[in-house]
Amino acid sequence: MNMLLAGLSFVNLIGRVPGGISQGLIWGIMALGVFITFRVLDIADLSVDGSFATGGAVAVMLSLAGVPTWVATICALLAGIIAGIITGLLHAKLGIPAILAGILTQFALYSINLRIMGMAANQSINPAMYKLVISMRNIPIAILEGVIFAAIIIAILYWYFGTEQGSALRATGNNGEMSTALGINTSNMKIIGLAISNGVVAFAGGLMAQYQGFSDVNMGRGAIVIGLAAIIIGEILCDAIFKKGCTFWIRMAFVVLGGIIYYLVMIIVLWLKLDPNDLKLFTALIVTIFLAVPYFRGKAKNSFSWAGKRSLPYVEAVKNSFKSGKEVQ
Amino acid sequence: MLYVEHVSKTFNPGTINERKALIDVSLHIKPGEFVTVIGGNGAGKSTILNAIAGLWPIDDGAVILDGENITGLPEYKRAPYIGRVFQDPMMGTAASMQIEENLALAKRRGQKRTLKWGVTKAEKEEFREKLAILGLGLEDRMTTKVGLLSGGQRQALTLLMAALQKPKLLLLDEHTAALDPATAKKVLEISDQIVANNNLTTLMITHNMQDAINHGDRLIMMNEGTICYDVCGEEKKSLTRQMLLEKFENIL
């Protein structure tokens with residue numbers, strides 16, 4: 001134990017925090033995309049694992065080809081929108097269950113991402129030679145940029161979900177039958193929602209590839225789980241602070257914060273010298289716990305075993321009344 | 001206003017679960033007419049309403065509303081013409097959206113959903129006035145999430161939503177069946193009021209024969225996918241529950 005603690009340097013941990021925040025911000029932006037499908041549309045969209053990597057691949061390859069990096073990052077967003085539209089078409093027009101439609105798109109994107117990257121599993125981009133939008137070489141600036149990007153996306157989403165079309169999208173996720181009865185084309189709304197979601201996710205993928213200096217065909221693996229972790233951590237915090245509920249943009253800001261907290265936890269886990277290969281298991285455990293907590297909380301208030309225990313005195317009383325002969329069965 | 005012409009619909013054709021839900025049904029409704037529909041379980045009451053609303057395509061026949069053939073239009077494209085209130089109070093409103101947001105969604109029934117702001121200031125004023133007429137105090141809770149309202153309040157709100165953008169036809173599918181008697185009475189009063197104020201052409205299904213007699217100006221009874229009794233005017237006014245029960249028994 002002493003040996004282990006001696007190997008841990010607190011200064012080392014503190015030194016890693018800023019980098020964790022900047023990377024967490026990018027995952028937080030990605031989580032905003034997942035939030036749109038998971039919370040607003042009530043669909044668990046698994047295509048994000050693929051579209052995150054697509055965003056990275058497009059941003060890096062276009063930048064390497066000489067396209068200005070900010071244009072390449074916007075193209076990453078557009079590529080994500082296309083991926084989302086495909087998932088949407090599979091689901092809404094071909095009648096494939098949403099979860100399967102997402103898996104199909106994700107599966108297909110693996111090949112497409114390899115093709116985008118010229119059949120290489122990864123492509124690096126030298127921050128010294130390209131004017132990258134965001135880079136880990138300058139972490140304070142990266143944090144500032146991450147905050148600005150998150151704020152812009154939250155502002156746009158907040159505006160959109162307040163419009164007629166955005167309201168129709170929320171209604172579609174909330175009550176599909178009512179939406180159809182009110183003349184909303186729910187198929188189209190789902191496609192639009194999936195497109196926006198994957199656009200945001202791919203945008204985050206484009207940022208991540210530039211931040212770390214390379215795109216990798218596997219960089220999106222588990223993005224959906226990280227997104228869910230960020231959403232749940234953010235929402236638990238948000239509900240704890242705003243007990244009476246809060247506006248939509250604050251909720252989205254907490255999702256980004258959830259992404260940062262998630263990543264800082266990962267930094268601590270790595271600092272504790274746990275095997276990085278166990279990280280995915282660890283993340284799955286965290287998400288499981290956070291998903292289960294609200295369920296068990298509800299159960300605790302409303303459980304049969306408690307009701308059974310509370311019933312015992314009454315049962316005793318009935319038994320006693322039999323013994324004393326006051327009541328006949 | 002509404003012409004239902006020789007409409008037939010069979011569910012699960014060619015299987016052991018085959019059920020002829022509507023058999024060559026024809027029904028003409030005049031503008032402003034308020035028709036109540038009664039009949040036993042499986043008589044085809046809800047099926048005829050769903051055929052008109054377009055939940056699924058009919059097998060044969062035509063549905064013509066205000067001179068337009070809507071037979072080939074899917075449900076969401078018929079929405080501009082038709083307002084609906086469902087049996088389940090949870091079905092007609094979006095629970096996690098605010099009262100005013102639900103009303104704003106209904107105000108745009110059948111219109112293109114643009115990128116203009118979802119609820120305007122002028123609309124909030126309009127909604128406040130219309131909610132006040134319901135007499136449920138909802139006008140002071142416009143930003144409350146609809147999920148926090150009771151079944152009766154939600155049903156009253158759904159009624160208001162159905163009439164907000166005046167429909168050519170209002171379909172009420174046993175919309176008081178899930179409510180307690182006192183609330184059901186209140187919701188029926190609100191229905192009468194909204195129908196009268198907007199002069200709406202209305203089809204209302206009910207299981208309550210007395211309600212079918214007391215409300216509306218025409219009554220039809222359905223049995224095994226056909227209309228077996230159709231009465232209006234003075235004859236309907238003189239109907240009693242007893243007479244209707246006898247009709248029922250004669251059919252069976």
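First the proteins, then the strands, lettered A, B, ... as listed; each starts at 1.
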Part of B:M90 within contact of chain A (heavy atom distance under 4.5 Å)
backbone
Does a donor on one side chain sit under 3.5 Å from an acceptor on the other, for B:T114 and A:E164?
yes
Do A:N175 side-chain atoms and B:A95 backbone N/O form a donor-acceptor pair below 3.5 Å?
no
Heavy-atom closest pair (B:Y76 atom, A:I184 atom, distance to 0.1 Å) is CB-O, 3.6 Å
Option among B:R113, B:Q165, B:R108 that satisfies the side chain to side chain contact (heavy atoms under 4.5 Å, CB included) test with A:L182:
B:R113
d(A:T180 OG1, B:K77 NZ) to nearest 0.5 Å is 13.5 Å
Between chain A and each of B:M97, B:K112, B:Q111, B:R84, count heavy-atom pairs under 4.5 Å; write down the option with the most.
B:M97
Between A:A171, A:G166, A:G176, which has the largest tally of heavy atom pairs under 4.5 Å with chain B?
A:A171
Correct closest heavy-atom pair for A:M178 and B:N102 would be SD-OD1, 3.8 Å
Greater than 12 external heavy atoms within 6.0 Å of A:E177's CD
no
First locate atom CD of B:Q98, then atom OG of A:S167, and finally report the distance between them rounded to the nearest 0.5 Å.
10.0 Å
In terms of heavy-atom contacts, B:W117 and A:W159 come closest through CZ3-O, 3.4 Å
If one checks every heavy atom of B:K145 against chain A at 4.5 Å, the contacting part turns out to be neither
Looking at A:W70, I want to see if its CH2 is surrounded by more than 12 non-hydrogen atoms of other residues, nucleotides or ligands under 6.0 Å.
no
Please determine whether the number of non-hydrogen atoms from other residues, nucleotides or ligands lying under 6.0 Å from atom CZ of A:F296 exceeds 12.
no
Please report the closest heavy-atom contact between B:F86 and A:A181, naming both atoms and the distance.
CZ-CB, 3.8 Å
Segment of B:K116 engaging chain A (4.5 angstrom heavy-atom cut-off):
both
Please flag which part of A:Y160 lies under 4.5 Å from any non-hydrogen atom of chain B: side chain, backbone, both or neither.
side chain
